[in-house]
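Notes follow the structure.
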Amino acid sequence: PYYLTNTFSSSVSYYKKFVGTPFNMNASLTHTQNTNTETIEMNLPSLVLNMDRVYPFAPKIGSKKNPIQNIGITYGMNAQNRISTTDEEFGTAQMFDQAKTGIKHDISMSTNAKALKYVSIAPSVTYRDVWYFKTIEKYWDDTTNEVVTDTVSGFDSYREYSGGVSASTTVYGAVNFKKGKIQAIRHVMRPSVSYNYRPDFSQYYDEYQASIDPDDIREYTRFQNGLYGSPSTGMSSSIGMSLNNTLEAKVAAKEGDEDEEPRKIKILNNLNFSTSYNIAADSLNWSPLRMTAGTQMLKNKLNVNLNASMDPYALNA
């Protein structure tokens with residue numbers, strides 16, 4: 001048998017850059033309709049407002065010279081009114097009963113500084129504020145012996161924030177050769193260490209009885225059906241480590257081509273190692289050690305890439 005699927009879609013969008021300000025806006029209306037399933041998905045409307053990175057403490061004249069002057073801030077706002085309905089309910093009051101509306105605000109702030117002359121320090125902070133106009137409530141109904149999920153209309157919101165800092169540097173090494181076609185080999189290493197922290201936001205979670213057993217208590221959050229997800233639970237505290245390597249050779253020009261400059265050949269485009277240590281975990285704190293490598297062969301016509309993962313807690317059968 002043959003099946004025909006007809007999907008109709010339409011959209012209208014408007015973009016505006018606010019001249020003289022770091023802000024830009026994009027508004028859109030979208031509509032998608034499937035004639036087989038008779039489902040209709042609409043965004044009425046979707047609004048995105050972004051602010052380019054600004055440096056509020058930078059001098060009006062001259063370059064930024066210290067971590068305070070280097071503080072950069074970005075902001076983004078995303079607002080949506082998403083409607084999922086059917087042909088039968090289209091245009092009726094029921095169409096709006098299942099509508100999901102939300103507004104998300106994201107703010108990030110970062111700066112950078114030098115430590116011990118050669119180490120770059122980059123602290124950062126992120127903040128998210130989510131607004132919903134419908135949430136849920138769960139409870140056990142003794143009459144029907146089932147979990148009831150009610151929709152609660154009204155403004156509600158949650159906030160999340162996290163912070164981190166990274167330190168990185170670059171180490172150069174070179175070996176020169178007096179004889180032979182290879183004049184020198186250069187090794188560049190870029191070690192990096194980072195720390196990230198996010199607190200526990202379990203204050204946004206409640207409990208409900210999930211079965212006839214009064215001891216069957218489970219957690220839920222009233223925001224879990226929202227457009228932008230729900231708050232995170234569990235504290236996160238981890239240290240990340242990585243080491244990036246490149247290796248290249250300086251090769252002398254061919255005999256008879258005295259005017260030709262020595263060629264640089266990449267021996268290794270990259271050889272990278274990375275892992276992390278979860279401070280907040282009760283056990284198995286180390287994550288697998290990941291390795292990636294890449295090089296080129298046949299005069300850069302063939303790319304060769306390798307990757308591997310080594311789990312420190314793996315057991316041989």
What distance separates [X] [atom1] from [Y] [atom2], expressed to the nearest 0.5 Å?
{"X": "R222", "Y": "D206", "atom1": "CZ", "atom2": "CG", "result": "6.0 Å"}
{"X": "N270", "Y": "T295", "atom1": "CG", "atom2": "OG1", "result": "9.0 Å"}
{"X": "D150", "Y": "K138", "atom1": "CG", "atom2": "NZ", "result": "11.5 Å"}
{"X": "I83", "Y": "I40", "atom1": "CD1", "atom2": "CD1", "result": "10.0 Å"}
{"X": "K100", "Y": "K134", "atom1": "NZ", "atom2": "NZ", "result": "10.0 Å"}
{"X": "I121", "Y": "S166", "atom1": "CD1", "atom2": "OG", "result": "7.5 Å"}

Next on the checklist: Suppose we call two aromatic rings close when their centres sit under 6.0 Å apart. Are F223 and Y158 close by that rule?
Outcome noted: yes
Next on the checklist: Please report whether the ring centroid of Y161 lies less than 6.0 Å from that of F201.
Outcome noted: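 Centroid separation for F201 and Y161: below 6.0 Å.
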Are any of the side-chain heavy atoms of [X] and [Y] separated by less than 4.5 Å?
{"X": "Y172", "Y": "H187", "value": "no"}
{"X": "K266", "Y": "K264", "value": "no"}
{"X": "M291", "Y": "N307", "value": "no"}
{"X": "S194", "Y": "I239", "value": "no"}
{"X": "M25", "Y": "Y15", "value": "no"}
{"X": "Y205", "Y": "T233", "value": "yes"}
{"X": "L302", "Y": "Q296", "value": "no"}
{"X": "L268", "Y": "E248", "value": "no"}

Transitively linked via ILVMFWY side-chain contacts under 4.5 Å: [X] with [Y]?
{"X": "I107", "Y": "W131", "value": "yes"}
{"X": "M51", "Y": "M109", "value": "yes"}
{"X": "V147", "Y": "I136", "value": "yes"}
{"X": "L227", "Y": "F133", "value": "yes"}
{"X": "Y220", "Y": "V148", "value": "no"}

Next on the checklist: On the six-membered ring of Y55, is K64 placed so that its NZ or CZ lies under 6.0 angstrom from the centre and within 45° of the ring axis?
Outcome noted: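 So K64 does make the cation-pi contact.
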Item to check | Row check, Y14 ring normal vs K16 NZ/CZ: under 6.0 Å, within 45° | outcome: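 Not satisfied by the 6.0 Å and 45° rule.
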Item to check | Evaluation steps, side chain to side chain donor-acceptor pair (under 3.5 Å), between S84 and R82 | outcome: CA-CA 7 Å; S84 180; R82 190 177 299 171; over 6 Å; no
Next on the checklist: Using the rule given for side chain to side chain donor-acceptor pair (under 3.5 Å), can you reason through T86 versus T39, listing the C-alpha separation, both sets of side-chain angles and the distance that settles it, and then say yes or no?
Outcome noted: CA-CA 4 Å; T86 62; T39 58; over 6 Å; no
If you count the non-hydrogen atoms of other residues, nucleotides and ligands that lie under 6.0 Å from [atom1] in [X], is the total more than 12?
{"X": "L44", "atom1": "CG", "answer": "yes"}
{"X": "L306", "atom1": "CG", "answer": "yes"}
{"X": "F155", "atom1": "CZ", "answer": "yes"}
{"X": "R218", "atom1": "CZ", "answer": "no"}

Checklist entry - Has the side chain of Y228 got a donor or acceptor atom that lies under 3.5 Å from a matching backbone atom of Y132? => result no
Checklist entry - Between the side chain of T21 and the main-chain N/O of F18, is any donor-acceptor distance below 3.5 Å? => result yes
Tell me which donor-acceptor pairs under 3.5 Å the side chains of residues 280-290 have, and how far apart each pair is, sequence neighbours excluded?
unit_1	atom_1	unit_2	atom_2	d
N285	ND2	N278	O	2.8
N285	ND2	A281	O	3.1
S287	OG	T275	OG1	3.4
S287	OG	S276	N	3.0
S287	OG	S276	O	3.3
S287	OG	S276	OG	2.9

Can you name the closest pair of heavy atoms from [X] and [Y] and give their distance?
{"X": "R198", "Y": "G234", "result": "NH2-O, 2.8 Å"}
{"X": "P56", "Y": "V54", "result": "CD-O, 3.4 Å"}
{"X": "N66", "Y": "Q69", "result": "OD1-N, 2.8 Å"}
{"X": "A167", "Y": "V119", "result": "CB-CG1, 4.1 Å"}
{"X": "N34", "Y": "T7", "result": "ND2-OG1, 3.7 Å"}
{"X": "D200", "Y": "S232", "result": "OD1-O, 4.4 Å"}

Would you please say whether a donor-acceptor pair under 3.5 Å links the side chains of [X] and [Y]?
{"X": "S237", "Y": "Y195", "value": "yes"}
{"X": "S162", "Y": "T126", "value": "yes"}
{"X": "N81", "Y": "T101", "value": "yes"}
{"X": "D216", "Y": "S211", "value": "yes"}
{"X": "Q224", "Y": "S230", "value": "no"}
{"X": "R53", "Y": "S110", "value": "yes"}

Checklist entry - How far apart are the C-alpha atoms of N70 and K65, what are their side-chain angles, what is the distance that settles it, and do they pass the side chain to side chain contact (heavy atoms under 4.5 Å, CB included) test? => result CA-CA 7 Å; N70 273 313; K65 297 179 180 179; over 6 Å; no
Distance-only check: which donor-acceptor pairs under 3.5 Å involve side-chain atoms of residues 177-185, not counting sequence neighbours?
none

Item to check | Cationic N near anionic O, under 4.0 Å, K17 to D52 | outcome: yes
Next on the checklist: So that I can tick it off, tell me whether E160 and R128 are bridged by a salt bridge, with the cut-off set at under 4.0 angstrom between side-chain N and carboxylate O.
Outcome noted: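 Answer for the salt bridge query: no.
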Item to check | Identified side-chain contact (heavy atoms from CB on, under 4.5 Å) partner of N24 from the options L49, N50, V48, V19 | outcome: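 In the set L49, N50, V48, V19, the residue that makes a side-chain contact (heavy atoms from CB on, under 4.5 Å) with N24 is N50.
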Item to check | N245 vs F273, side chain to side chain contact (heavy atoms under 4.5 Å, CB included): CA-CA, chis, key distance, verdict | outcome: CA-CA 9 Å; N245 299 269; F273 301 92; 4.3 Å; yes
Item to check | Worked verdict on W140 versus I212 for side chain to side chain contact (heavy atoms under 4.5 Å, CB included) | outcome: CA-CA 8 Å; W140 177 258; I212 197 169; 4.1 Å; yes
Next on the checklist: I'd like to know whether S120 forms a side chain to side chain contact (heavy atoms under 4.5 Å, CB included) with K114, so could you lay out the CA-CA distance, the side-chain angles of the two residues, the decisive distance to 0.1 Å, and finally the verdict.
Outcome noted: CA-CA 5 Å; S120 297; K114 286 288 185 180; 3.2 Å; yes
